[in-house]
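Note on naming: letters A, B, ... go to the chains in the order of the sequence lines (proteins, then strands), and numbering restarts at 1 for each one. Below, all heavy atoms of this structure are taken into account, side chains as well, without hydrogens, waters or symmetry copies.
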Amino acid sequence: MSQPLVGAPHDRVEGPEKVTGEARYTADVVIEGLVHAAVVPSGIANGRIVAVDDSEARAAPGVIEVMTHHNAPRVSAAKPADSDSLLFLLQNDRIEFDRQPIAVVIAQSLEEATYAAQLLHVRYEADHPETNFDAAPRYVPKEIFGEPATHQRGDPEKAFATAPVRIEQTYRTPTEHHNPMETHGTVAQWNGEHLTLHDSSQWAFGVQRRIAKVFGIDAEQVRVIVPYVGGAFGSKGQMWSHVALAAMAAKLVGRPVKLIVTRPQMFGWVGHRPQTEQRVALGAQRDGRLVCVTHDVLSETSVSDEFVEPCAVFSRDLYAVENYGMSHALPRLNISKPTYQRGPGESTGSFAMESAMDELAYEIDIDPLELRLRNYSERQPDSGKPYSSKQLRQCYARAAERFDWGRRVPQPRSMNEGRLLLGLGMATASRNTHRTAAKVRIRANSDGTVVVACGTIEQGCGSPTVYAQLASEILEIPFERVRFEFGDTNLPEAPLAAGSQTSGSVGSVVVKAATWLRDKIADLGGTIPPNGIVLDVADEPGENDESYATQAFGAQFAQVVVDPDTGEVRVVRFVGAFDGGRILNAKTANSQFVGGIVWGISMALFEKTRYDARTARIMNANLSDYLVPTNADIPNPEVIAIEADDPHINPAHVKGIGEVGITGAAAAVANAVYHATGVRVRDLPITPDKLLV
Amino acid sequence: MLSRRRFFFRAAISTLAAEVALHFRAAAQRLPTVRPNDAAAGTSAARAITINVNGVERTMRVEPRVTLLDALRDRLGLTGTKKGCDQGTCGACTVMVNGRRIDSCLTLAVMHTGDRIVTVEGIAQNGSLHPVQRAFITHDGFQCGFCTPGQIVSAVALLNEGKRLDRDTIRTEMSGNLCRCGCYPHIVDAVLEAAGTS
Ligand code: FES
Ligand code: FES
C-alpha cells in the first residue's frame, strides 16, 4: 500500500446504518415475551419509607408485578471494589437522595407500566437533607484514583509568603449531568441461572463482573451485549442500580424485561459531575515565572459513597514550578454519587487554574500566552519524568497564528464589534492519558478478509473504523477487507472505554495482533490455509508506561461578543490546536476535538444542575431547564491536530483524544468574557446576571 | 482548517467502503428482528387506526394515550426514530407529518388517521441514500448516531421548506435537534452541501 491508511479521513464504517435508522441501540432490542418496567423514583432526598400502598397500581390494567423493598429478590448491593458504586436495589427502606429508585412496576406495555408507576402511594418519614456545600461535614479521601489526594513538593507556603506577586482566588463549578442523548437502559433475560443483558454501557466486562456479584453467580453465567451506545461521556462507565433492577424484575416475573431510564430519571442514580470549589494561589516573580502554586479542592460526594473530582491533577502536572501543594476534601451531601464526566478533574481544574493564570497575566501586565511560555515545562514537573512527547509549544504557536491573537488589545473593554463588546481569551489544555491491558482475537479467512474482535464498545469514538484502519495498514490489505467486531462479553476482554485510554489500549493490541498475523502469513508463503488462521492476543502496558509521562496537550483560543445591555454572551470563534499523538482518522478525530470544545463552551455558559436548598430535590431535571447547547449556540470551531510521532507512548503511538478538547475550553471562554467586559466570573456558568454589574 | 474539499474527494471512495461495511455488521448489531409487540396493543379503549407510514398504509390497534413515537417504535417496529426525552425537548423523535417536521413524542397516534408520516426509514429511496444522508456521512455529522435519525428527517424537511439557506439560517433552523456529541458544525456542513446538490 503506498497510501497510509492510518490517519486517512475515512468515513465511519457504520455510517449507513446510523443515517438510515438501521443502527440498533439498547431500547430498540426486542425479545420474544418482553415486558416493560418503569422505575418509581423517591420523592424525598433523605429519610425512610414508612408505608407503600401498591393496591391501586396492582389493579391497573396490564400490570404484572410491583417490586418494592417488601418483595424484591434479596441481592447484594455492596461495593465489591472501591472503584464500584453502592447500588440502590430495594433492599431496605432508607432513602438518601432525590430520585433514588424505590419501586419498579412491570407491565405488558410501556404505557401501562408508566401509568401504574404513578398509582403507587408511598408514605415517607422525611429527615432534613444536607444540602449546604459550605457547611456540610467534609473529610479527606484516602486517595484519588490510586494517587495521594494531598500532596506537596517544595515549600509552597513559604514561597507564597515571599512571592513578589500573588494571586489568590476561589473558583466554583456546578453539578452537571451528562445527559447523553440516549438515556441509560437495559434488557434483561434469564435462562435458568444464566443471565443475558443488553445494556447501554461503556464497559461490558465491568457490568458482567458486577452483576454476577449482585446475584452471587459466576461471571461466566452472565453475557453482556452492548449495542451501539448513544453517547455516554462517563455516565455509562459504572454499572448503576437500574441494570440490576431490570435483572431482578426479570427474575421476579419470569419474563425478559426492558427497563429504559427516562430523561427526568437521568438526574437520579446514574452519576453526575460534582460541584467543586477550588482555591488557587499563585506566587510569581515580576516577570511571570511561577514560584509556587497551591490548588485546594472541595468536591461534593454522597452520604454513603465516594467520588473525588481530581481537579488539582491539572495544575500538578502542567507548569514548571518548584513549590507546589494540592489537597482534595469532600463535603457529604444528600445527593446521588457523582462520577467521571468527560475530562474528570482536568476540565474543572483547568477552569480554575487557567483563570488564575489569566488573572496573573493582567496583574503583571504580560501577554497571557507569553506567561504560559515562561512557565513551560520540558519534563512532567511533579514526577520529573520526561514526556513521551510534548508538542504544546507548537499548539500555542499554531493556534495563536490561526486565531490572530496578535490583534488583541490587552485592556478589558477595549475592543468592540458594533455595539457589542468583543473579547479574546486563551487557556492551556492538558489531559493525562493511560493505557491498560486489552485482548483481541484476530482471524484471517481464506478469502482474504480479516476479522478483529474485541469486547470494547462503540459510543461515537469511531472504534470499528479506526481499528480496521490500524490493522489494514499493517496487513497491507485494503481497509474494506478488515472488519472489527465489538460489543459483547463473548469477545476478548477490553478495558473500560473511558479516561482517554481505549485507542492506546485496544489500538496497541490490534497492532500486536496484526503484526503477528502479517508475519504468520509471510511464514506460510503468503497464503492462508482453507480453514483460516486465528489467534487470541493480549497486551499490557510495558516499561515505557512507567518511565515516561503520557499526556495530551492543547491550546484553546476563544472569541466572544457580549451584549452590554443584556449580558448575553456568544462564542463567535474558537480555535484549538491539540497534541494527541498519532491521529488514526483525521475525520473522526476532528469530531472528537470539536465535541470536546462544545462541551467546554457548554460548561462555560450553560450547564448547571439546580438543587432546592431546602429539600435537596433537583429543580431542572429535563432538557428545557437543564441547558445544553443547541446548534445556534455553537460556532464552527477550528481544530488543528499537531501530529508528531510518539514512539514511546504505546505500540499504536496514540494519545487519547476524547477528553483533551474540553480541558481549558471553559477557561478560554471565561477569560475572553473578562477581556470583553472587565468582569471576572469565577463561578460557572457565566450567566447574563453575573455580567450586569 | 482541514479542507472540506479533501473530504469530498474522499467521499466517493468511502461511500463504497461504507456499503461493503453494511454486509460486515458487527456481532453485537445482529439483534433479533424487531416485531410488533401484540401484547402492547392494550385492551381497554384500544382502537384500530390506519396511517400511511413511508408510503405504506399501516393499520394497528392502539389506545388513545399512545404517542405517535411509541406507536412507530413499539407497534410498527420502526425503531429508527429515537426517544431522547419523551418531552418535546430534544428532537430525537422528529418525523414528517404531511411534509412538516414534528416531535412525534408530543402527539398521539390516534390523531393521525389518514396522515402521511415519513420516518428516517423512509428517507432513502430504492436502497440509495438521500443526499442529506450521504452528506452526513461525508462530513461526519454524527458520532454516537443517536440524534441522527431526527437530524436527518429535520434536515430533509428543512430543504423541502424552500428557504434560502446559509450557515446561520441552518444553525437556527436545526436548533430543534440537540446533539450531545457536539456535531453541530459538521451537521451544518452536511446540510449546506445537501442544499447545493438536492
Ligand atoms: S423524544 Fe421527542 S423531543 Fe425528545
Ligand atoms: S451524534 Fe451523539 S448525540 Fe448527536
Chemist: Which residue out of B/F142, B/Y184, B/F136 racks up the most heavy-atom pairs below 4.5 Å with chain A?
Modeler: B/Y184
Chemist: Roughly how far, to the nearest 0.5 Å, is CZ of A/R263 from SG of B/C105?
Modeler: 11.5 Å
Chemist: With a 4.5 angstrom heavy-atom cut-off, could you sort out which part of A/T262 is near chain B: side chain, backbone, both or neither?
Modeler: neither
Chemist: If I measure from the heavy atoms of chain B, does A/P180 come under 4.5 Å with its side chain, its backbone, both, or neither?
Modeler: backbone
Chemist: Kindly indicate whether the side chain of B/P185, heavy atoms from C-beta on, has any atom under 4.5 Å from the side chain of A/V594.
Modeler: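 B/P185 reaches A/V594 side chain to side chain.
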Chemist: Is any side-chain heavy atom of A/P16 closer than 4.5 Å to one of B/I137?
Modeler: yes
Chemist: What part of A/E458 lies closer than 4.5 angstrom to a heavy atom of chain B: side chain, backbone, both or neither?
Modeler: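 The side chain, not the backbone.
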Chemist: Using non-hydrogen atoms and a 4.5 Å limit, figure out which bit of A/I640 sits close to chain B: side chain, backbone, both or neither.
Modeler: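 Nothing of A/I640, per the 4.5 Å heavy-atom cut-off to chain B.
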Chemist: Please round to the nearest 0.5 Å and tell me the distance separating atom SG of B/C183 and atom CD of A/Q592.
Modeler: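 Here the interatomic distance stands at 10.5 Å.
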Chemist: Nearest heavy-atom pair of B/F146 and A/Y25: which atoms, and what distance?
Modeler: N-OH, 3.5 Å
Chemist: Does some side-chain heavy atom of B/D74 sit less than 4.5 Å from a side-chain heavy atom of A/H36?
Modeler: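 A side-chain contact exists here, since the closest heavy-atom pair is under 4.5 Å.
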Chemist: Under the side-chain hydrogen bond (donor to acceptor under 3.5 Å, both in side chains) test against A/S591, which residue among B/H186, B/H139, B/Q143 passes?
Modeler: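 Checked B/H186, B/H139, B/Q143 against A/S591; only one passes side-chain hydrogen bond (donor to acceptor under 3.5 Å, both in side chains): B/H186.
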Chemist: Do A/R12 and B/D140 meet the salt-bridge criterion of a basic N to acidic O distance under 4.0 Å?
Modeler: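 Between A/R12 and B/D140 there is a salt bridge, with a charged N closer than 4.0 Å to a carboxylate O.
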Chemist: Identify the residue among B/C90, B/C181, B/C179 that makes a side-chain contact (heavy atoms from CB on, under 4.5 Å) with A/M181.
Modeler: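 With A/M181 as partner, B/C90, B/C181, B/C179 yield a single side-chain contact (heavy atoms from CB on, under 4.5 Å), made by B/C90.
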Chemist: Give the intermediate values and the outcome of side chain to side chain contact (heavy atoms under 4.5 Å, CB included) for residues A/S602 and B/R180.
Modeler: CA-CA 10 Å; A/S602 183; B/R180 189 59 159 158; 4.0 Å; yes
Chemist: Does any N or O in the side chain of B/S175 come within less than 3.5 Å of the main-chain N or O of A/A632, such that one atom is a donor and the other an acceptor?
Modeler: yes
Chemist: Identify the heavy atoms of B/T138 and A/K587 that sit nearest to each other, and give their distance.
Modeler: O-NZ, 2.6 Å
Chemist: Could you tell me whether A/D633 and B/R171 have a side-chain N and a carboxylate O separated by less than 4.0 Å?
Modeler: no
Chemist: Can you give me the closest heavy-atom contact between A/G21 and B/P149, atom names plus distance?
Modeler: CA-CG, 4.5 Å
Chemist: With side chain to side chain contact (heavy atoms under 4.5 Å, CB included) as the criterion, how do B/N177 and A/N631 come out once you've worked through the C-alpha distance, each side chain's angles and the decisive distance to 0.1 Å?
Modeler: CA-CA 8 Å; B/N177 294 84; A/N631 204 322; over 6 Å; no
Chemist: What part of A/V19 lies closer than 4.5 angstrom to a heavy atom of chain B: side chain, backbone, both or neither?
Modeler: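 Both parts, backbone and side chain.
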Chemist: Is there a side-chain contact between A/V628 and B/L178 in this structure, where contact means two heavy atoms from C-beta onward sitting under 4.5 Å apart?
Modeler: yes
Chemist: For B/Q87, is it the side chain, the backbone, both or neither that has a heavy atom under 4.5 Å from a heavy atom of chain A?
Modeler: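 Interface part for B/Q87: side chain.
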Chemist: Considering only heavy atoms and a distance below 4.5 Å, find which of B/G176, B/G182, B/A124, B/C144 pairs most often with chain A.
Modeler: B/C144
Chemist: When rounded to the nearest 0.5 angstrom, what distance separates CG in A/D28 from CZ in B/R73?
Modeler: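 Here the interatomic distance stands at 4.5 Å.
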Chemist: What part of A/E182 gets closer than 4.5 Å to chain B, counting heavy atoms only: side chain, backbone, both or neither?
Modeler: both
Chemist: With rounding to the nearest 0.5 angstrom, report the CG to CZ distance, A/D11 to B/R134.
Modeler: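 The CG atom of A/D11 sits 12.0 Å away from the CZ atom of B/R134.
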Chemist: Between B/Q133 and A/T20, is any pair of side-chain heavy atoms under 4.5 Å apart?
Modeler: yes
Chemist: State the CD1-CD1 distance between B/I187 and A/I634, to the nearest 0.5 angstrom.
Modeler: 11.5 Å
Chemist: Above 12 or not: heavy atoms from other molecules or residues under 6.0 Å from CZ of A/R573?
Modeler: yes
